[in-house]
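For reference, the structure is listed below as structure tokens.
Order of the sequence lines sets the chain letters (A, B, ...), proteins ahead of strands, with each chain counted from 1. Keep in mind it's a predicted model, so treat the numbers as computed, not measured.
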Amino acid sequence: MIEQLLLDITNRIVSRLYGENIPVLNLPVEKTKKEINGDYTVVIFSVTRYSHKAPETTAAEIGNEMMKEIPGLASFNVIKGFLNLCFSDNYWISFMLKEAGNDQYGFAPQRQEDPVLVEYSSPNTNKPLHLGHIRNNLLGFSLAEILKANGYPVIRMNLVNDRGIHICKSMLAYMKWGKGETPESTGIKPDHLIGKYYVLFEKHYREEVKKLVEEGTSEEEALRSAPLIREAQDILRKWEARDPETRALWALMNDWAYKGFETTYTRLGVAFDIVQHESDTYLLGKKVVTDGLEQGVLSQKDDGSIWIDLTQDGLDEKLLLRGDGTSVYMTQDLGTAVVRYDKFHPTKMIYVVGNEQNYHFDVLRRTLKKLGRDWSERIYHLSYGMVELPNGKMKSREGTVVDADDLMDEMFSTAEQTTRELGKANELPATDAQDLFRMIGLGALKYFILKVDPKKNMLFDPAESIDFNGNTGPFIQYTHARVRSLLKRAETQTGFSESTALQELKDQSGIPVLPLEKEIIKKLFIFPSIVKEAGETFSPALIANYLFDLSKEYNQFYQEVPVLKEENVSCRDMRLILSVFTGKVIKKGMRLLGIDVPERM
RNA sequence: GGCCCGGUAGCUCAGCUGGAUAGAGCAACAGCCUUCUAAGCUGUGGGUCGGGGGUUCGAAUCCCCCCCGGGUCACCA
């Protein structure tokens with residue numbers, strides 16, 4: 001972008017001034033600090049090595065040459081080795097007039113190439129979604145939006161973990177204590193009903209273990225031999241043997257889970273293009289492993305189990321297939337990766353999974369590579385930290401979780417309460433008001449989570465509910481509502497229209513620009529590079545923090561600079577176009593986070 | 001113990017491909033609504049950037065050692 005352009009020009013000038021054989025320098029080109037006069041700064045300290053002159057002299061010499069070459073450059077100043085460049089007001093205004101009407105601004109054109117796969121959510125069906133899942137879903141959904149904005153074709157995948165010992169635990173508890181109750185008979189949300197039995201299982205199981213330990217059994221042995229866990233394992237065996245009764249209950253309870261998840265996903269506003277079930281994919285991968293054995297990459301032990309040796313890579317030996325030929329976690333992940341690759345030839349396979357699985361994905365990548373799949377480096381594990389509660393981590397077994405549905409309910413009602421206290425819902429029809437509360441509540445929740453760098457653990461304190469002031473989603477939503485309200489007023493009061501104003505302003509020159517306005521235009525100017533960087537680093541947080549900066553800048557302007565009361569028509573229209581542009585970028589940027597913005601609030 | 005990730009204001013977080021006096025928000029305090037939405041704006045206070053070495057004209061940022069927190073090292077997923 002412009003930084004690169006300035007760097008290229010600087011390099012040209014340096015070799016012209018100080019010698020043709022100077023290597024291409026990678027000088028820092030950055031936005032000028034706020035307190036200092038200028039738009040961009042080139043740091044030329046390292047040029048002194050070639051110029052053999054003081055930093056000030058060198059910078060001034062380069063600056064003089066730049067003035068001749070760069071049309072929009074109005075002036076420059078030098079502080080030590082910092083060459084500060086000031087572009088003309090006209091430079092910034094013409095940029096704004098060019099892009100304000102461009103609905104694709106900031107987004108890259110669609111690439112004609114193979115897709116990027118983004119897998120996220122991937123819930124277990126034995127319990128409802130909690131706050132940790134929310135972080136996962138929001139990250140995955142937002143990442144997919146950001147990649148699309150960068151022009152990539154994206155396929156969003158959800159691999160539901162619908163089989164295994166965990167669901168058998170819920171099934172067993174239901175058989176023992178369920179008395180045939182159903183979501184319909186109890187009025188409980190279906191996935192929550194399943195969760196109730198999971199917790200019930202864990203409760204009785206813990207009691208059994210405790211009793212066994214008191215009777216002198218070792219803890220390890222007790223955990224393994226308690227009657228309930230044995231029974232659950234028995235159910236798993238029956239499931240594997242396709243016992244009709246077991247399968248029927250399994251199907252029934254899983255359907256409950258899907259129904260419940262569907263509701264939660266819809267409320268949260270996330271979606272998928274492909275939903276896979278582990279019961280369909282868990283047998284994949286055996287062939288990949290046995291083929292690897294034939295190739296001599298893997299080794300087999302006496303009991304028939306197959307392993308990969310990663311000690312050369314600084315890791316351990318890892319089991320890939322059990323002696324009895326059954327799959328482990330790694331087997332099926334190898335399988336699904338290979339199947340996905342063969343089917344889609346993705347340019348990237350992104351897995352949104354918590355950081356407790358860093359090791360697993362490290363092994364997965366290295367194993368695939370050793371098996372000759374050179375596309376293994378296309379796998380990227382978007383590893384995110386856990387959401388911690390003030391008194392430690394969330395544990396579904398112990399009931400110390402923040403349930404996803406409960407949290408959303410709470411956010412909605414807090415949004416409603418706050419809005420009513422401010423007296424802002426009074427003129428709205430009831431249904432619109434409900435939509436608004438949802439929009440604000442979700443906006444607060446999503447922004448709260450997405451503004452934090454994914455790889456960091458984050459703290460959530462349920463006692464202090466999520467804020468609506470300051471660096472928050474509602475603050476940005478509010479800014480958008482302000483813009484929209486201002487523009488509506490402009491239309492009715494002055495007959496303002498975006499397209500005619502743009503036309504008329506283009507024919508003028510010398511419209512004055514306040515520093516405050518220039519700051520906003522400069523912020524708008526970097527939106528495309530923020531979108532690009534967010535796509536390259538898989539980081540919604542970059543978008544979130546950018547939108548906050550932009551909104552803050554705009555609010556400052558809004559508070560201090562009159563728009564509709566401005567008598568100079570060109571000046572007024574310029575400010576309105578600035579508002580139009582800001583509103584559009586906020587809306588588009590928030591969409592990348594999966595957050596909607598209201599017309600009023 | 002090995003490996004991975006964190007440690008920046010009382011709290012939650014930016015900044016980390018080296019650059020100018022380290023930034024926001026919350027909380028605290030003091031102001032601003034007869035004027036485009038006060039979920040806003042302005043100002044004040046608050047920091048040995050975990051500690052110690054090193055590289056450099058210049059280090060929160062890069063390298064080494066140490067301390068603290070989390071994760072992981074299952075024939076669970």
Watson-Crick or G-U wobble mate for B/C29, both contacts under 3.5 Å: B/G43
Ignoring hydrogens, what is the shortest heavy-atom contact between A/E278 and A/D162? Give both atom names and the distance. N-OD1, 3.3 Å
Under 4.0 Å: is that the gap between some side-chain N or O of A/Y329 and OP1 or OP2 of B/A77? no
What does A/N126 touch in the nucleic acid at a heavy-atom separation under 4.0 angstrom: a base, only the sugar-phosphate, or nothing? nothing
Does a donor on one side chain and an acceptor on the other come within less than 3.5 Å for A/N84 and A/T41? yes
Who pairs with B/U37 - Watson-Crick or G-U, where each distance is under 3.5 Å: none
Using Watson-Crick geometry (N1-N3 plus N6-O4 or O6-N4) or G-U wobble (N1-O2, O6-N3), each under 3.5 Å, B/G19 is paired with B/C57
Check: A/D453 side chain, B/C13 base, donor-acceptor under 3.5 Å: no
On RNA chain B, compare the nucleotides closest to A/T479 and A/W307; which residue's is nearer the 5' end? A/T479
A/I36 near the nucleic acid: base, sugar-phosphate alone, or nothing, with a heavy-atom cut-off under 4.0 Å? base
Does a side-chain N or O from A/R489 land closer than 4.0 Å to OP1 or OP2 of B/U37, or not? yes
If you look at every strand shown and take non-hydrogen atoms under 4.0 Å, does A/V452 touch a base, only sugar-phosphate, or nothing? sugar-phosphate
Checking base pairs now: Watson-Crick or wobble, both atom distances under 3.5 Å. What partners B/U72? B/G2
So, OP1 or OP2 of B/A39: does either fall under 4.0 Å of a side-chain N or O from A/K424? yes
Would you please confirm or rule out a distance under 4.0 Å between OP1 or OP2 of B/C36 and any side-chain N or O of A/R575? no
What's A/L459 touching, base or sugar-phosphate or nothing? Going by heavy atoms closer than 4.0 Å. sugar-phosphate
Mind checking A/T41 for me? I need base, sugar-phosphate or nothing, with any heavy atom below 4.0 Å counting as a touch. base
Has A/Y558 got a side-chain N or O lying under 4.0 Å from the OP1 or OP2 atom of B/C41? no
Looking for any heavy atom pair under 4.0 Å, which part of the strands does A/M458 touch: base, sugar-phosphate only, or nothing? sugar-phosphate
Report yes if a side-chain nitrogen or oxygen of A/Q556 is closer than 4.0 Å to either non-bridging phosphate oxygen (OP1 or OP2) of B/U42; otherwise report no. yes
Compare the minimum distances between each of B/C75, B/A39, B/C36 and the side chain of A/D303, then state the nucleotide with the smallest one. B/C75
Categorize A/E278 for me: base, sugar-phosphate, or nothing, with a 4.0 angstrom heavy-atom threshold over every strand shown. sugar-phosphate
Pick base, sugar-phosphate or nothing for A/V363, based on heavy-atom distances below 4.0 Å to the nucleic acid. nothing
Check against side-chain hydrogen bond (donor to acceptor under 3.5 Å, both in side chains), A/Q357 and A/Y329: CA-CA 12 Å; A/Q357 293 195 30; A/Y329 182 34; 2.5 Å; yes
Could you check whether A/V328 gets within reach of a base, just the sugar-phosphate, or nothing at all, counting any heavy atom under 4.0 Å? sugar-phosphate
Does the gap between the ring centers of A/Y447 and A/F548 come in under 6.0 Å? no
Of the nucleotides B/C36, B/C57, B/C73, which has the atom closest to the A/Y359 side chain? B/C73
Please answer whether B/A24 and A/F548 are stacked, defined here as ring centres separated by less than 5.5 Å and planes angled under 30°. no
Would you kindly compare A/K33 and A/N161 by the position of their nearest RNA chain B nucleotide and give the one closer to the 5′ end? A/K33
Closer than 4.0 Å, any side-chain N/O of A/K456 to the OP1 or OP2 of B/A14? yes
Can A/F82 be classed as stacking with the base of B/A20, given a centroid separation cut-off of 5.5 Å and a plane angle cut-off of 30°? yes
Just by modelled atom types, is the A/H133 backbone N or O under 3.5 Å from a matching donor or acceptor in the A/N137 side chain? yes
Identify whether any heavy atom of A/Y478 sits under 4.0 Å from a base atom; if not, whether one sits that close to sugar-phosphate; answer base, sugar-phosphate or nothing. base
For side chain to side chain contact (heavy atoms under 4.5 Å, CB included), just list the numbers for A/E566 and A/R575, CA-CA rounded to whole Å, side-chain angles, deciding distance to a tenth of an Å, and then say yes or no. CA-CA 9 Å; A/E566 173 60 49; A/R575 287 173 191 167; 3.1 Å; yes
Using OP1 and OP2 only, check whether a side-chain N or O of A/S485 sits under 4.0 Å from B/U37. yes
Any A/K455 side-chain nitrogen or oxygen under 4.0 Å from OP1 or OP2 of B/G71: no
Pair A/Y351 + A/Y380: ring centers closer than 6.0 Å: no
So, is A/N124 close to the B/A77 phosphate, meaning a side-chain N or O under 4.0 Å from OP1 or OP2? no
Over all strands shown, is A/Q493 touching base, sugar-phosphate only, or nothing at heavy-atom distances under 4.0 angstrom? nothing
Distance, rounded to the nearest Å, where A/I44 contributes CD1 and B/G58 contributes C1': 14 Å
What's the closest nucleotide to the A/I79 side chain, out of B/C75, B/G70, B/A20? B/A20
